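These notes concern the structure reproduced below.
No hydrogens, no waters, no symmetry mates; every other heavy atom, side chains included, goes into these values. Predicted, not measured: the structure shown is a model, and the values here were computed from it. Numbers for residues simply follow the sequence, beginning at 1.
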Amino acid sequence: MLGFVRTDNDALVSCLGDPQRAVAAYRELLRREQDALGAIRAGLSHESAAVREGCCRLLDHLVDTESMGELITMADDPDARVRIAAFHALACDRCKGDTCAPGADRVLEPALRHLASDPDPLARAMAAELVGKFAHTDARAVAALRTSSVQDPSPAVRKKAGWFIPGGAVYERTAPRTPR
């Protein structure tokens with residue numbers, strides 16, 4: 001099956017670090033859904049950054065409330081690709097809906113910290129998306145996004161941060177509607 005010697009969940013998680021097998025392993029773990037969650041969570045502490053990144057990407061689709069704390073911890077991973085995948089998984093509602101989206105009390109502080117000082121511009125851009133989720137409800141989010149939209153050294157981060165501040169396209173599109 002799949003051309004692997006072993007196809008148990010742990011072996012497939014390890015294959016996420018092998019460029020030749022990563023895609024097939026990812027697809028199979030995604031297909032296994034909840035049955036693979038334990039191995040995917042364990043993969044978040046794997047020595048290989050590629051495995052940790054793959055596990056974060058899988059949790060974007062399979063996340064549950066029990067995995068949320070571990071995913072939040074990955075926002076501080078030493079590897080930028082892992083941080084980017086973690087921020088995406090925390091910010092993206094498209095793949096999972098709002099069923100277990102984390103609240104500001106859990107994710108805003110790490111997102112604000114990375115938006116202000118992460119050395120990687122893509123990680124800062126993904127942090128801006130997560131901070132932007134709270135722009136309608138938390139003044140700290142708006143203040144941080146305004147600062148980034150003017151001062152960030154990356155034009156891409158400045159642009160993305162600008163989308164989430166009052167007057168920005170995303171901010172206006174996601175503004176709560178007043179009842180009539």
Nearest 0.5 Å, please: how far is [atom2] in [Y] from [atom1] in [X]?
| X | Y | atom1 | atom2 | answer |
| --- | --- | --- | --- | --- |
| Leu108 | Lys133 | CG | NZ | 11.5 Å |
| Asp152 | Lys159 | CG | NZ | 14.5 Å |
| Ile40 | Leu62 | CD1 | CG | 5.0 Å |

Do other residues, nucleotides or ligands put more than 12 heavy atoms under 6.0 Å from [X] [atom1]?
| X | atom1 | answer |
| --- | --- | --- |
| Arg113 | CZ | yes |
| Gln34 | CD | yes |
| Glu172 | CD | yes |

Problem set entry | Electrostatic pair Arg83:Glu53 at N-O distance under 4.0 angstrom | no

Exercise. So, Ser149 versus Arg158: side-chain donor-acceptor pair below 3.5 Å or not?
Worked result: no

Exercise. Just checking, any donor-acceptor pair under 3.5 angstrom between side chains of His114 and Asp76?
Worked result: yes

Exercise. Looking at Pro119 and Pro121, what are the two nearest heavy atoms and their distance?
Worked result: O-CD, 3.7 Å

For this session: Please name the pair of heavy atoms, one in Gly54 and one in Leu16, separated by the smallest distance, quoted to 0.1 Å.
Result: C-CD1, 4.0 Å

Exercise. Is the backbone of Leu145 close enough, under 3.5 Å, to the side chain of Ser148 for a donor and an acceptor to pair up by distance?
Worked result: no

Problem set entry | Any donor-acceptor pair under 3.5 Å from Arg124 side chain to Leu115 backbone | no

